[in-house]
Number of protein chains: 2
Amino acid sequence: MQRIAIDMDEVIADFNSKHLSVFNREYNETLTARDLMGTRLRELRPHLKNEIIAYLKDPEFFSDLEVMKDSQEVIRELSEQYEVFITTAAMEFPTSFSAKYAWLKEHFPFLDELNFVFCGDKSIIHADYLIDDNHRHFQRFQGQGILFTAPHNINETGYVRVNNWLEVREYFKSN
Amino acid sequence: MQRIAIDMDEVIADFNSKHLSVFNREYNETLTARDLMGTRLRELRPHLKNEIIAYLKDPEFFSDLEVMKDSQEVIRELSEQYEVFITTAAMEFPTSFSAKYAWLKEHFPFLDELNFVFCGDKSIIHADYLIDDNHRHFQRFQGQGILFTAPHNINETGYVRVNNWLEVREYFKSN
């Protein structure tokens with residue numbers, strides 16, 4: 001059985017909406033995902049970089065992210081024909097462990113928690129496919145990388161790209 | 001550069017001494033590692049299985065385990081010639097995440113936290129070697145499994161076995 005590894009933030013968990021929301025509230029701004037096209041919040045407001053990263057160190061930040069549209073349904077389907085693992089670079093924010101685990105158990109109860117992986121360097125992942133919004137994880141990955149569109153990666157070329165979960169479904173149907 | 005994945009409990013962290021100590025204290029027993037040869041505490045005292053497992057759900061249980069003899073020195077040496085990853089089946093005890101992370105940062109400060117992996121099913125691990133006390137993790141592992149002797153596994157045969165960290169050093173010297 002082939003194996004699909006799937007990232008969390010910006011792939012199944014709507015990281016940007018929450019991040020923009022807490023930032024806009026604190027700094028009285030009205031930034032949207034459109035403002036992040038080809039960039040990241042910390043590059044758009046470099047003088048607030050430390051504050052922007054500090055939000056992610058709040059143990060609760062990751063607890064109430066919205067689920068990305070159609071991800072539950074498509075992953076449930078995929079899990080009937082593939083081994084599905086959730087592989088998230090949680091080591092960058094170790095305060096996030098508990099919230100990420102609880103979030104996965106809440107929103108993807110049909111996945112086995114033994115298939116959750118909290119890591120840093122994703123070259124440790126042994127899988128046939130990796131769906132991720134960060135192309136850097138594909139450099140040393142030996143399977144097929146699939147770039148999930150996120151504002152920061154819209155200008156990246158040279159990767160298999162999917163724009164949403166319906167396109168993920170199509171990719172694996174025609175594969 | 002070749003990669004070595006290393007388990008935590010009973011390999012670099014002395015899980016048994018702590019587990020026996022809290023059990024002996026609560027039940028006024030004097031069990032030692034010798035009593036666990038070829039078995040496990042929960043099999044030796046099956047009527048207390050739930051209590052024995054419950055200790056591991058205490059978020060602090062894993063915070064003060066002793067470091068296995070010679071593991072720091074040998075892993076420091078290995079990390080000069082190999083990529084070293086710490087791969088622990090933490091998903092079985094999600095309350096252990098923070099303590100395990102802090103323990104690794106305290107006792108193995110020379111390792112990069114991006115090389116820590118909290119997982120469940122270790123077939124997700126992409127490495128050339130896996131040093132582990134649980135042979136079940138070798139079944140679907142594509143690299144070389146190296147069984148680290150622990151009381152529960154002394155009767156297992158058919159695996160490359162090391163009895164301590166000095167033998168790990170020898171294995172990689174002659175390999």
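Order of the sequence lines fixes the chain letters, A, B, ..., with proteins taken first and strands second; residue numbering starts at 1 for each chain.
Both the backbone and the side chain of F116(B) come within less than 4.5 Å of a heavy atom in chain A.
Within a 6.0 Å sphere centred on CD of Q81(A), heavy atoms belonging to other residues, nucleotides or ligands number 12 at most. By the 6.0 Å contact criterion, CD on E43(B) is enclosed, its count of non-hydrogen atoms from other residues, nucleotides or ligands being greater than 12.
Closest approach of L114(B) to E92(A), counting heavy atoms only: CD2-CG, 3.8 Å. Summarising the geometry of H126(B) relative to S123(A), their closest heavy-atom pair is CD2-O, 3.5 Å, with the distance given to 0.1 Å.
When each of I124(A), I125(A), D121(A) is checked for heavy-atom pairs under 4.5 Å with chain B, I124(A) comes out on top.
Linking Ile, Leu, Val, Met, Phe, Trp and Tyr whenever their side-chain heavy atoms come within less than 4.5 Å puts V168(A) and V11(A) in one cluster. Hydrophobic clustering of Ile, Leu, Val, Met, Phe, Trp and Tyr side chains at less than 4.5 Å, counting indirect connections, unites V160(A) with V84(A). Follow the hydrophobic side-chain contacts under 4.5 Å out from I4(B) and you reach I12(B) in the same cluster.
Atom-to-atom distance recorded for T95(B):OG1 and F97(A):CZ is 13.5 Å, nearest 0.5 angstrom. How far SG of C119(A) is from CZ of F118(B): 11.0 Å, rounded to the nearest 0.5 Å.
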